[in-house]
Amino acid sequence: MQRATSLERRIDEVAHRLLRDASASGIRAGLIEFAVFVLKQAWACVFGAALLVVIVAARLWYPDDAVIARNDALTIAAVLIQLAMLVFRLETGRELWVIILFHLTGTAMELFKTDVGSWMYAADGVLRIGGVPLFSGFMYAAVGSYMVRVHRLFDLGFVRYPRRWLTTVVAVAIYLNFFTHHFWWDARWVLLAVVILLWLPTVMYARVWRRVLRLPLLLVFAGVAVFIYLAENIGTWAGAWAYPDQVVAWQPVSASKLGSWFLLMIISVVMVTWVYPPRVPITPGSADDQGRMPQHPPLDEESQAPAAGV
């Protein structure tokens, strides 16, 4: 596990002791790999899952006549979750900077989108900027937390990853289009085509336990976008925010938002790569006999790793 926190290193050591003699083949081995995959994903999602639980709990049990407005209570809870992530060594200081960047870029988008009426929040509370409660930035930070944590938990490696400067240009164009399409031509379909062309050759390698998954990166982007879309439906049902067609009565978020979340995934991935540069995967034989993976060098920005190097 790359760049693990002190707590994660202790968990990793316990896991290796428990699974050292586990079968390397057969149904039991497959079940172990599946269980480790699920547990790693859950560990990577801990920030977002905790925030979503708080949002749902506030919808179900937070009193309407409480002294502290619900949105302010959500903001306080989000701050406490973030502090807990640092105090209990669930995130590194380096990752915190990425999460702060997600928070800032997300809040800027929220200010603009609520102003033009794309979605809205309840008007209660004082911990807000304009019509945007401060807890909204933590929802983007939750995505950032997942991205940086899953990167090291699965020892991600990539083949034929695009040059970072080129992906940055595309990510900036996507971010600007979220603003400019309200008063100019909407370039999202062109940007989607560019994303597909740019990342179509890229393959992601993810270490689970003994096995390494090999997946097309675009498929991974789409899968994460679907899960964020599902979380968005839970959030809007819980009343954290609402789209115009949900004001009178809640209904599922339009499926068209999947495209928006897919593009937002590109922005998220690019921001993470400037902290954790894309690395080439290592060969299975170079992992040690306990399943740990050594560090592998980052991809050179001016040359991409050939497929034969894997």
Side-chain angles (χ1 to χ4, degrees), residues 98 100-121 128-133 136-144 146-147 160-202 216-233 235-236 240-248 250-274 278 301 304:
V98 181
I100 291 174
L101 182 58
F102 273 81
H103 200 300
L104 294 176
T105 55
T107 300
M109 185 184 297
E110 289 283 330
L111 288 169
F112 178 81
K113 290 290 191 178
T114 54
D115 187 62
V116 299
S118 296
W119 56 80
M120 61 204 72
Y121 293 89
R128 60 173 50 245
I129 301 175
V132 180
S136 66
F138 287 94
M139 294 188 290
Y140 293 88
V143 176
Y146 170 79
M147 296 297 297
R160 296 184 295 274
Y161 194 88
R163 296 177 180 179
R164 278 193 297 170
W165 70 265
L166 190 55
T167 63
T168 301
V169 170
V170 174
V172 170
I174 291 171
Y175 187 73
L176 292 177
N177 188 70
F178 278 118
F179 296 84
T180 59
H181 82 86
H182 287 280
F183 47 84
W184 193 54
W185 175 59
D186 187 354
R188 75 179 65 191
W189 295 110
V190 173
L191 292 169
L192 276 171
V194 171
V195 166
I196 292 172
L197 289 174
L198 199 59
W199 273 277
L200 184 61
T202 307
L217 191 54
L218 284 177
L219 181 62
V220 176
F221 290 164
V224 176
V226 169
F227 275 97
I228 296 176
Y229 169 77
L230 295 176
E232 184 180 37
N233 275 278
T236 55
W241 72 98
Y243 290 101
D245 60 353
Q246 296 175 319
V247 174
V248 177
W250 182 83
Q251 58 181 304
V253 176
S254 170
S256 64
K257 295 297 181 183
L258 281 167
S260 299
W261 279 115
F262 181 84
L263 290 174
L264 190 64
M265 276 297 305
I266 303 302
I267 300 173
S268 304
V269 168
V270 170
M271 285 197 290
V272 171
T273 60
W274 284 102
E301 286 190 40
Q304 303 305 303

Run the numbers on Tyr140 and His103 for ring-ring contact (aromatic ring centres under 6.0 Å, His included), then give the verdict. CA-CA 6 Å; Tyr140 293 88; His103 200 300; 8.6 Å; no
Should Thr105 and Ile267 be marked as a side chain to side chain contact (heavy atoms under 4.5 Å, CB included) after you check the CA-CA gap, both sets of side-chain angles, and the distance that decides it? CA-CA 10 Å; Thr105 55; Ile267 300 173; 5.8 Å; no
Walk me through it: do Ile266 and Val269 pass the test side chain to side chain contact (heavy atoms under 4.5 Å, CB included)? CA-CA 5 Å; Ile266 303 302; Val269 168; 5.8 Å; no
In sequence, state the C-alpha distance, the side-chain angles, and the governing distance for Trp241 and Ser136, and then conclude on side chain to side chain contact (heavy atoms under 4.5 Å, CB included). CA-CA 9 Å; Trp241 72 98; Ser136 66; over 6 Å; no
Report the C-alpha separation of Phe183 and Phe179 in whole Å, then their side-chain angles, then the decisive distance to 0.1 Å, and conclude whether the ring-ring contact (aromatic ring centres under 6.0 Å, His included) test is met. CA-CA 8 Å; Phe183 47 84; Phe179 296 84; 9.0 Å; no
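In this structure, Arg160 and Thr202 approach most closely via the heavy-atom pair O-OG1, 2.9 Å. Scanning all heavy atoms of the two residues, the minimum distance from Pro244 to Gly117 falls at CG-O, 3.5 Å. Here the closest non-hydrogen pair linking Val116 and His182 is CG2-CE1, 3.6 Å. Of all the heavy atoms in Gln251 and Gln246, the pair that sits closest is O-NE2, 2.7 Å. For Asn177 against Trp185, the heavy-atom pair with the smallest separation is OD1-O, 4.0 Å. Between Thr167 and Pro162 the shortest heavy-atom distance is CG2-CB, 3.6 Å.
No side-chain heavy atom of Met109 sits under 4.5 Å from any side-chain heavy atom of Phe112. When side chains are defined from C-beta on, Ile174 counts as touching Val195, because their heavy atoms get closer than 4.5 Å. When side chains are defined from C-beta on, Val272 counts as touching Phe102, because their heavy atoms get closer than 4.5 Å.
Residue Phe227 qualifies as open at atom CZ: its count of foreign heavy atoms under 6.0 Å is 12 or below.
No side-chain donor from either of Thr236 and Trp119 sits under 3.5 Å from a side-chain acceptor of the other.
Using the six-membered ring where Trp is involved, Phe262 and Phe221 have ring planes that are perpendicular, over 60° apart on the 30 and 60° scheme.
Judged by distance alone, with hydrogens and angles left aside, the side-chain atoms of Asn233 form no donor-acceptor pair with the main-chain N or O of Pro252 at under 3.5 Å. Checking side-chain atoms of Arg164 against main-chain N and O of Thr273 turns up a donor-acceptor pair under 3.5 Å.
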